[in-house]
Amino acid sequence: MISRIKGTNDIIEDSKIWKWLEEKLKNVALNFGFVETRTPIFEATELFNRSVGNETDIVQKEMYTFEDKGGRSITLRPEGTAPVMRAFIENNLSSKGLPQKLFYCGPMFRYERPQAGRLRQFHQFGVELIGSALPIADAMTILLAIEMLKAIGLDKFKLKINSTGDEKCRPNYVETLKAYYKPFLNDLCDDCKVRYDRNVLRLLDCKKDAKYAENAPKITGYLCDDCKAHFDKLKKYLDEMEIEYEVDPSIVRGLDYYTRTVFEFKYPNLGAQDAIGGGGRYDNLIEELGGSKVPSIGFAFGIERLILALETEKRLPEIEGLDIYVISIDEDQKIEALKIASALSKYFKVDVDVMGRNVKGQFSHASKENTRYTVVIGEEEIKMGLFTLKNMKTGEQWKVKLSEIIKIVSGSGEADTSDA
RNA sequence: GUGGUUGUAGCUCAAUUGGUAGAGUGUCGGACUGUGGAUCCGAAUGUUGUGGGUUCAAGCCCCACCAGCCACCCCA
């Protein structure tokens with residue numbers, strides 16, 4: 001037997017839940033004026049090296065990179081923002097006016113050790129608000145994310161925000177942090193020794209060396225005036241919208257392109273993989289990718305993690321069953337049943353027997369499929385020109401015409417004939 | 001990538017010191033030859049994750065690999 005690749009999933013029965021979830025998220029985004037984008041699943045490796053950052057874990061060890069037959073280096077996208085920004089530049093979207101409000105939904109790939117809530121192919125729903133440097137754009141983005149969580153019935157999330165500064169103030173902070181950590185350098189874990197040179201900010205969220213991070217200088221104390229004003233204003237906006245949040249200086253994010261605002265949504269009882277979504281501002285990314293300077297902000301949710309959260313909350317939607325199952329008594333009525341089902345399928349979700357089950361078996365199957373009504377066709381019905389319609393919940397049944405079936409099942413009429 | 005743990009029917013799990021693999025549930029059928037969800041009866045389904053090894057004999061012991069889970073790392 002050939003089995004699926006480690007860290008991937010077949011979504012079969014759950015596809016109904018996925019569809020429900022994606023529709024909900026999509027509708028919120030559409031109602032806020034966002035437009036769906038679909039960019040390729042693979043991109044030039046260079047795109048991620050330059051945007052996500054050469055020193056990040058994603059680029060260093062998690063990318064699915066290969067050479068195609070033309071000798072080009074290709075990478076399966078590990079995240080959604082860089083491809084969308086590439087498309088923004090390539091399609092000259094800024095000429096259509098700013099802001100551009102885009103969303104995307106699809107698979108991402110990272111080569112990591114799988115565990116619950118962490119897969120090698122996983123799915124993200126992401127939103128990008130492109131073109132504004134104002135804190136009101138941050139507020140709108142975060143509001144949108146919260147509206148989405150509420151729309152699917154998740155309300156126990158924790159919003160954590162932080163500011164990582166910009167090119168003016170971050171270098172100072174990095175120096176300050178290095179100076180602080182220097183005396184402990186030999187005591188730090190091996191990972192942190194490497195991080196010290198590569199990306200000192202990462203030291204802050206190391207669990208092993210948390211004791212040093214506690215007393216480390218906080219970036220919020222080292223922001224330049226502009227960054228501080230931006231952050232203060234965002235907090236004020238969130239307060240005014242009565243959005244609860246926690247300022248968490250350890251939120252650094254693992255992608256290099258973030259500037260100023262970063263945020264994460266955590267959800268309780270999900271184990272170690274409890275971040276259901278996250279995002280931030282990226283004011284220099286488009287410029288770094290060869291476009292003009294277009295400040296932007298965005299975020300992404302992990303679909304699998306949202307579903308895990310819904311499971312822990314027991315908030316998964318009830319999957320609707322069939323409206324009508326058309327039952328044939330004998331072989332003779334099989335084709336008639338199919339014709340009737342076909343006519344009814346214009347209005348309802350319908351099914352007929354293709355397994356040659358007897359009457360009892362067909363009822364039983366209809367029941368198992370959560371069917372609302374059954375229509376029975378036998379010799380008797382064909383002779384009378386009427387069908388037997390049965391309400392599977394109440395057990396009531398009537399002899400009715402086809403037009404009557406449509407009325408009753410669609411809920412716009414009661415049966416006007418009785419006895420069966 | 002590191003450490004730990006688990007893998008038996010579609011699903012949940014049994015199987016004594018190593019001695020020919022079982023139950024519940026689900027599926028299908030019958031009791032009920034035109035009526036489901038209740039009850040009773042019956043049937044089918046396994047290379048015990050894969051491949052080696054030890055042994056008269058391996059689901060059980062040993063090795064390797066694969067996969068899941070937990071934690072690290074990191075993030076969605």
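Each chain gets a letter, A, B and so on, in the order the sequences are listed, and its residues count up from 1. Note that this is a predicted model, so its numbers are computed, not measured.
For the pair D57(A) CG and rC74(B) P, the computed distance is 6 Å after rounding to whole Å. At whole-Å resolution of the value, NZ in K266(A) and P in rA76(B) are 10 Å apart.
Among the protein residues, E379(A) comes within range of the nucleic acid bases, having at least one heavy atom under 4.0 Å from a base atom. Using a 4.0 Å heavy-atom cutoff across all strands shown, A116(A) reaches sugar-phosphate atoms only and no base atom. Among the atoms of the strands shown, base atoms are found under 4.0 Å from some heavy atom of E380(A).
Listed by first and then second residue, the salt bridge (charged side-chain N to carboxylate O under 4.0 Å, His left out) pairs that reach into residues 127-136 of chain A come to none, sequence neighbours excluded. Listed by first and then second residue, the side chain to side chain donor-acceptor pair (under 3.5 Å) pairs involving residues 334-353 of chain A are S328(A)-K334(A), K334(A)-D353(A) (not counting sequence neighbours). Pairs passing the ring-ring contact (aromatic ring centres under 6.0 Å, His included) check and including a residue from residues 353-376 of chain A, sequence neighbours excluded, read Y325(A)-H365(A). For the salt bridge (charged side-chain N to carboxylate O under 4.0 Å, His left out) condition, the pairs that include at least one residue of residues 265-281 of chain A, sequence neighbours left out, are D138(A)-R281(A), E264(A)-K266(A), K266(A)-D274(A), R281(A)-D283(A).
Taking atom C1' in both rU47(B) and rC70(B), one finds a spacing of 31 Å when rounded to whole Å.
S367(A) contributes no side-chain N or O that forms a donor-acceptor pair with the base of rG37(B) under 3.5 Å. In the interface, the side chain of E264(A) is not paired with the base of rA76(B) through any donor and acceptor atom under 3.5 Å apart. Counting distance only, with no hydrogens placed and no angle test, the side-chain atoms of Q333(A) and the base atoms of rG34(B) include no donor-acceptor pair under 3.5 Å.
Nearer to the 5' terminus of RNA chain B, by closest-nucleotide assignment, is the contact made by I377(A) (compared with the other of I377(A) and I5(A)). Between F265(A) and G395(A), it is G395(A) whose nearest contact on RNA chain B lies nearer the 5' terminus.
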Return the polar atom pairs (N/O with N/O) between nucleotides 3-6 of chain B and the protein under 3.5 Å, or none.
unit_1, atom_1, unit_2, atom_2, d
rG3(B), O6, R113(A), NH2, 3.3

N/O-N/O pairs, protein side and nucleotides 26-32 of chain B side, under 3.5 Å:
unit_1, atom_1, unit_2, atom_2, d
rC28(B), OP1, R357(A), NH2, 2.9
rG30(B), OP1, N358(A), ND2, 3.4
rG30(B), OP2, N358(A), ND2, 3.1

Pairs under 3.5 Å (N/O, protein and nucleotides 40-49 of chain B):
none

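A 4.5 Å side-chain heavy-atom check between F32(A) and V127(A) finds every atom pair outside the cut-off. In this structure, the side chains of R305(A) and F122(A) stay at 4.5 Å or more apart for every pair of heavy atoms. Looking only at side-chain heavy atoms (C-beta outward), I377(A) and I327(A) stay at 4.5 Å or farther from each other. Between M63(A) and T45(A), some side-chain heavy-atom pair lies under the 4.5 Å cut-off.
Contact between the side-chain N/O atoms of R110(A) and the OP1/OP2 oxygens of rC73(B) is not found at any separation under 4.0 Å. Taking side-chain N and O atoms only, K6(A) has a distance below 4.0 Å to OP1 or OP2 of rA67(B). Contact between the side-chain N/O atoms of Q362(A) and the OP1/OP2 oxygens of rG36(B) is not found at any separation under 4.0 Å.
Within residues 13-36 of chain A, no residue has any heavy atom under 4.0 Å from RNA chain B.
Stacking between F301(A) and rA76(B) is absent: the ring centroid is not both under 5.5 Å from the six-membered base ring centre and under 30° in plane angle.
Note on K26(A) versus E22(A): no salt bridge recorded, every NZ/NE/NH1/NH2 to OD/OE distance being 4.0 Å or above. Ionic pairing of R118(A) and E112(A) is present here: one or more N-O contacts between side-chain nitrogen and carboxylate oxygen are shorter than 4.0 angstrom. Checked for salt-bridge contact, E43(A) and R86(A) meet the test: a charged N lies under 4.0 Å from a carboxylate O.
Remark: RNA chain B forms stems of 3 or more consecutive Watson-Crick or G-U wobble pairs, all pair distances under 3.5 Å, at B:1-7 with B:66-72, B:10-13 with B:22-25, B:27-31 with B:39-43, B:49-53 with B:61-65.
With no hydrogens or angles considered, a side-chain donor-acceptor pair links E79(A) and Y257(A) at under 3.5 Å.
Residues that satisfy the salt bridge (charged side-chain N to carboxylate O under 4.0 Å, His left out) test with D166(A), not counting sequence neighbours, are K168(A), R260(A). Under the side chain to side chain contact (heavy atoms under 4.5 Å, CB included) criterion, D57(A) pairs with K61(A), E62(A), not counting sequence neighbours.
The aromatic rings of Y111(A) and Y64(A) sit perpendicular to each other, their planes meeting at more than 60°, with 30° as the lower class boundary.
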Could you pull out every donor-acceptor pair under 3.5 Å between side chains of residues 4-18 of chain A and any protein atom, sequence neighbours left out?
unit_1, atom_1, unit_2, atom_2, d
R4(A), NE, D10(A), OD2, 3.2
T8(A), OG1, I5(A), O, 2.6
S15(A), OG, I12(A), O, 2.7

